[in-house]
Enquirer: 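Sending over a structure as structure tokens; questions will come in a sec.
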Amino acid sequence: MSTPDDEQPGSRLSGDGDRTDPVVPPPASASEILGQALGDAARKAGLDPSTQAHTGHVVWGAMGGWRGLLESVIPGLAFVLLFTFTQDLVLSLVVSVGLAAMLTVVRLIQRSTASAALGGLLATAAAAALALWTGRGQDNFVPGLVTNAAYGTAFLVSALVGWSIIGLAVGFLMNEGTAWRADARKRRVFFWLAIAWAALFFARLTVQLPFYLAGDVTTLGTLKLIMGLPLFAPLIAVTWLAVRAVYPRPDSPSQA
């Protein structure tokens, strides 16, 4: 005859003596799953507000350092220069994709983190394939235009419905889930940060789309480079500083 001591942890007896299934924790909500995914991505990019890093180090890390900067700029710059001076679409695309592939191979050989480089290589190859298929140089920038539209919409909608993408990521990283929504100050900060990021993506789209429609490849490519990291880095810094302002560092080890 079993006794209460014989019961397994997490299980209980029903009224007729049958053992029921162990208590199962409730499944994660959609906001928790999204927050975890966004938080993981932010942490991998070096954007964890729980760390004690300096703003400059955070921004530089998010850009990937000198290597990340070169991987982001060189393939696109090569395409713009070659196409401008030769008008040879195939040559320009082959060199651009080749450089992206070479930079990725170097990372793999050195066994350093290659996820960003691989992502950039795939994006470059997909854009080149589209341009080769249509025979139009401006189509090499279609994936970037679509990405700006999608990201801008996502950030804007998240802010308007009160579930800022920034807030979801930070809430996961700071181990408070969605509790930030009960804090008016945090909710306001995350709202405006999401609006700022939406504005960045929509600004890129608004400025670049007319040149895509006009088929001005040189200007389009130049604007993409100018509105890339030079705008991304300052907004990363603003985001980091704003988040740290609503999550101040502890003054003592006991508070930590």
Enquirer: Which atom names give the shortest non-hydrogen contact between L225 and P230, and what distance separates them?
Expert: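 For L225 versus P230, the nearest heavy atoms are O-CD, 3.5 Å.
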Enquirer: How close do V80 and T84 get, counting heavy atoms only, and between which atoms?
Expert: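 Nearest pair, atom of V80 first, then T84: O-OG1, 2.6 Å.
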Enquirer: Side-chain heavy atoms nearer than 4.5 Å, only ILVMFWY residues, links allowed to pass through others: does that put I74 and L91 together?
Expert: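 In one cluster: yes.
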Enquirer: Can you list the residues that meet the ring-ring contact (aromatic ring centres under 6.0 Å, His included) rule with F190, with sequence neighbours excluded?
Expert: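 ring-ring contact (aromatic ring centres under 6.0 Å, His included) list for F190, sorted by chain: W180.
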Enquirer: Using 0.5 Å steps for rounding, measure from the CG atom of L130 to the CD atom of Q138.
Expert: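 One finds 10.0 Å between CG of L130 and CD of Q138.
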Enquirer: Answer with yes or no whether the hydrophobic clustering places V94 together with M102; edges join I, L, V, M, F, W, Y residues whose side-chain heavy atoms lie under 4.5 Å apart.
Expert: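 Unlinked, V94 and M102 end up in two clusters.
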Enquirer: So how far is it from E176 CD to R181 CZ, rounded to the nearest 0.5 Å?
Expert: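 E176 CD to R181 CZ: 12.0 Å, rounded to 0.5 Å.
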Enquirer: Could you give the distance from CZ (R187) to OG1 (T178), rounded to the nearest 0.5 Å?
Expert: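 Nearest 0.5 Å value for the CZ-OG1 distance: 12.0 Å.
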Enquirer: I'd like to know if V217 and F85 are part of one continuous hydrophobic network [Ile/Leu/Val/Met/Phe/Trp/Tyr, side-chain heavy atoms within less than 4.5 Å].
Expert: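 F85 and V217: one cluster.
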Enquirer: Is it the case that one hydrophobic cluster holds both L122 and L70, taking links as side-chain heavy atoms less than 4.5 Å apart, direct or via other members?
Expert: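 Per the 4.5 Å side-chain linkage, L122 and L70 are not co-clustered.
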Enquirer: Do you know the tightest heavy-atom contact between S92 and F79?
Expert: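 In terms of heavy atoms, the two residues are closest at CB-CD1, 3.6 Å.
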Enquirer: Identify all side-chain donor-acceptor contacts of residues 197-213 below 3.5 Å with residues at least two apart in sequence or on another chain.
Expert:
residue : atom : partner : partner atom : Å
W197    : NE1  : T239    : OG1          : 2.9
R204    : NE   : M227    : O            : 2.7
R204    : NH2  : M227    : O            : 3.1
R204    : NH2  : G228    : O            : 3.3
T206    : OG1  : F202    : O            : 2.7
Y212    : OH   : R136    : NH2          : 3.1
Y212    : OH   : D139    : OD1          : 2.7

Enquirer: To the nearest 0.5 Å, tell me how far N140 CG sits from L89 CG.
Expert: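 CG of L89 is found 7.5 Å from CG of N140.
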Enquirer: Show the numbers, then the answer: is there a side-chain contact (heavy atoms from CB on, under 4.5 Å) between F172 and L168?
Expert: CA-CA 6 Å; F172 171 79; L168 290 173; over 6 Å; no
Enquirer: Hey, what do you get for OG1 (T222) to NZ (K224), rounding to the nearest 0.5 Å?
Expert: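 One gets 12.0 Å once the value is rounded to the nearest 0.5 Å.
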Enquirer: Kindly give the heavy-atom pair with the smallest separation between L93 and A128, and that separation in Å.
Expert: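 So the two residues come closest at CD1-O, 3.7 Å.
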Enquirer: Quick check: closest heavy atoms across V97 and A125, and the distance to 0.1 Å?
Expert: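 Between these two residues, the closest heavy atoms are CG2-CA, 4.2 Å.
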Enquirer: Please test V243 against L193 for side-chain contact (heavy atoms from CB on, under 4.5 Å), starting from the C-alpha separation and ending with a verdict.
Expert: CA-CA 9 Å; V243 170; L193 285 176; 4.1 Å; yes
Enquirer: Examine L229 and F141 and state if one hydrophobic cluster contains both, with Ile, Leu, Val, Met, Phe, Trp and Tyr joined whenever side-chain heavy atoms are less than 4.5 Å apart.
Expert: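 Yes, same cluster.
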Enquirer: So, does S158 use its side chain to make a donor-acceptor pair with the main chain of I165 at under 3.5 Å?
Expert: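 Yes; at least one donor-acceptor contact below 3.5 Å.
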Enquirer: To the closest 0.5 Å, what do you measure between CG (L99) and CG (L121)?
Expert: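 One gets 11.0 Å once the value is rounded to the nearest 0.5 Å.
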Enquirer: Looking at A78 and V95, what are the two nearest heavy atoms and their distance?
Expert: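 The answer is CB-CG1, 4.3 Å.
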Enquirer: So, does S96 use its side chain to make a donor-acceptor pair with the main chain of P75 at under 3.5 Å?
Expert: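 Checked: pair present.
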